[in-house]
Amino acid sequence: MYYKPGDDGVLLHRYQAAHDLAARDELVRKYLPLIRSLARRYSYTTEPLDDLCQVGALGLCKAIDRYRPDGGSSFKAYAVPTIVGELRRHFRDTGWALHIPRSLQERARKLGVALNELSARLGRSPTIAELAEHSGLSREDVIEGLEVRMAYDTSSLDGPGQTDDETGLTARLGADDDALEMVEYHAVLERTIRALPERERLLLHLRFSEDLSQSEIARRVGVSQMHVSRLLRRAVERLQAVAGADEARFGAPAAG
């Protein structure tokens with residue numbers, strides 16, 4: 001087969017027939033602009049362009065190894081889908097933070113390209129309708145594809161957040177509140193206390209909220225200390241009985 005000087009076929013023949021690595025390296029250098037152009041299709045992702053170019057170069061090397069001139073197509077026509085396939089495989093296998101079906105990945109990629117093209121043309125973010133018309137998708141498919149794009153990358157719980165103090169997300173997560181179980185007890189007691197006579201409610205308040213002694217309560221309300229003691233004992237017994245019934249019915253609040 002005759003090859004013109006500088007033709008890809010000359011370099012391919014030198015590499016495939018004589019394992020001339022210098023010929024392969026020259027082919028790679030020659031197609032670096034093409035690799036960079038194909039890698040830029042994925043500029044909507046967070047992958048560095050240089051990393052994508054390395055993946056594309058790997059695809060080019062595979063094309064160099066597999067290409068046969070008797071296949072009927074030029075080397076460039078053969079190399080482009082091989083490089084693109086390697087890039088897509090990279091994103092499918094390692095790029096996505098969550099497992100996404102390949103069809104949805106392709107839709108998200110297509111919408112990423114459409115977003116870049118329309119934003120540059122319109123000078124603003126395109127609408128759902130404009131994206132649908134440009135990409136040939138339905139509005140529902142566009143919405144789903146845009147949602148899928150959010151699954152490409154995730155934020156680390158230990159990474160900096162969006163606030164000015166750069167606090168990690170973990171530091172802003174909720175924690176167990178040791179006093180939480182007291183909310184349940186308080187709800188039970190409040191319902192029971194409301195059912196007590198007014199005098200017993202007053203005595204409980206003076207004893208447990210204001211921490212007065214029985215003699216001080218007796219002087220405050222004008223009854224004997226013994227009577228205060230009986231009323232307090234009866235009120236506490238009622239509270240314990242109601243609390244015990246609630247535990248049997250709903251289960252005891254979880255211990256802290």
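Below, all heavy atoms of this structure are taken into account, side chains as well, without hydrogens, waters or symmetry copies.
Taking CD from Glu133 and CZ from Arg139, the interatomic distance works out to 9.5 Å, rounded to the nearest 0.5 Å. Residue Leu34 holds its CG atom at 10.5 Å from SG of Cys53, rounded to the nearest 0.5 Å. Between the CG atom in Leu49 and the CD atom in Gln54 there is a gap of 10.5 Å [rounded to 0.5 Å]. Summarising the geometry, atom NE2 belonging to His134 is positioned 9.5 Å from atom CG belonging to Leu122; distances are rounded to the nearest 0.5 Å. Between atom CG of residue Leu146 and atom CG of residue Leu111 there is a gap of 5.5 Å, rounded to the nearest 0.5 Å. For the atom pair OG of Ser125 and CG of Leu115, the computed distance is 7.5 Å after rounding to the nearest 0.5 Å.
By the side chain to side chain contact (heavy atoms under 4.5 Å, CB included) test, Ile143 pairs with Ile128, Glu147, sequence neighbours left out. In this structure Phe75 satisfies the ring-ring contact (aromatic ring centres under 6.0 Å, His included) test together with Tyr31, Tyr67, sequence neighbours excluded. Legend: residues meeting salt bridge (charged side-chain N to carboxylate O under 4.0 Å, His left out) with Arg36, ordered by chain and number and at least two apart, are Asp50. Residues forming a salt bridge (charged side-chain N to carboxylate O under 4.0 Å, His left out) with Glu144 (at least two apart in sequence, or on another chain): Arg107. Remark: Arg220 pairs with Glu210 by the salt bridge (charged side-chain N to carboxylate O under 4.0 Å, His left out) rule, at least two apart or across chains. Every side chain to side chain contact (heavy atoms under 4.5 Å, CB included) that Asp25 has, sequence neighbours left out, goes to Arg29. In this view, Ser138 and Asp141 satisfy the side-chain hydrogen bond (donor to acceptor under 3.5 Å, both in side chains) rule, not counting sequence neighbours. With sequence neighbours left out, the side chain to side chain contact (heavy atoms under 4.5 Å, CB included) criterion links Glu216 to Leu212, Ser213, Arg219.
Side chains of Leu131 and Leu137 form no contact here, defined as non-hydrogen atoms less than 4.5 Å apart. Within the 4.5 Å cutoff, no side-chain heavy atoms of Asp20 are placed close to those of Leu11. Taking the side chain as every heavy atom from C-beta outward, Glu26 and Arg14 approach each other to under 4.5 Å. Using a 4.5 Å heavy-atom threshold, the side chains of Gln225 and Ile217 count as separate. In this structure, Ser103 and Glu106 have side chains that are not in contact, with every pair of non-hydrogen atoms separated by 4.5 Å or more. Here the side chains of Arg24 and His19 are not in contact, with every heavy-atom distance at 4.5 Å or above. Arg41 is not listed as a side-chain neighbour of Leu87, based on a closest heavy-atom distance of 4.5 Å or more. Using a 4.5 Å heavy-atom threshold, the side chains of Thr82 and Leu60 count as separate.
The stretch residues 57-66 participates, sequence neighbours left out, in these side-chain hydrogen bond (donor to acceptor under 3.5 Å, both in side chains) pairs: Tyr15-Asp65, Lys62-Glu86. Pairs of residues two or more places apart, or lying in two chains, that qualify as salt bridge (charged side-chain N to carboxylate O under 4.0 Å, His left out) and include a residue from residues 115-125 are Arg124-Glu130.
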Stepwise, does the side-chain contact (heavy atoms from CB on, under 4.5 Å) test hold for Glu47 with His90?
CA-CA 11 Å; Glu47 289 288 302; His90 169 74; 3.2 Å; yes
side-chain contact (heavy atoms from CB on, under 4.5 Å), that's the test. Do Val55 and Arg89 meet it? Break it down for me.
CA-CA 10 Å; Val55 175; Arg89 188 177 301 107; over 6 Å; no
Decide yes or no on side-chain contact (heavy atoms from CB on, under 4.5 Å) for Leu206 and Val221, but give the supporting numbers first.
CA-CA 10 Å; Leu206 295 174; Val221 299; 4.1 Å; yes
Is there a side-chain contact (heavy atoms from CB on, under 4.5 Å) between Ile64 and Val28? Walk through the geometry before answering.
CA-CA 9 Å; Ile64 293 173; Val28 171; 4.1 Å; yes
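Ser119 approaches Pro126 most closely through the heavy-atom pair OG-CD, 3.5 Å. The two atoms that bring Ala77 and Ser73 nearest to each other are CB-CB, 4.3 Å, heavy atoms only.
Residues near Val113 contribute nothing to a hydrophobic cluster around it, because no ILVMFWY side-chain heavy atom sits closer than 4.5 Å to its side chain.
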Considering only distance and modelled atom types, tabulate donor-acceptor pairs under 3.5 Å from the side chains of residues 195-204, sequence neighbours left out.
{"residue": "Glu200", "atom": "OE2", "partner": "Arg234", "partner atom": "NE", "Å": "2.9"}
{"residue": "Glu200", "atom": "OE2", "partner": "Arg234", "partner atom": "NH2", "Å": "3.0"}
{"residue": "Arg201", "atom": "NH1", "partner": "Leu196", "partner atom": "O", "Å": "2.6"}

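Criterion: ILVMFWY side-chain heavy atoms under 4.5 Å apart, direct or through other members. Under it, Ile83 and Leu58 are not part of a common hydrophobic cluster.
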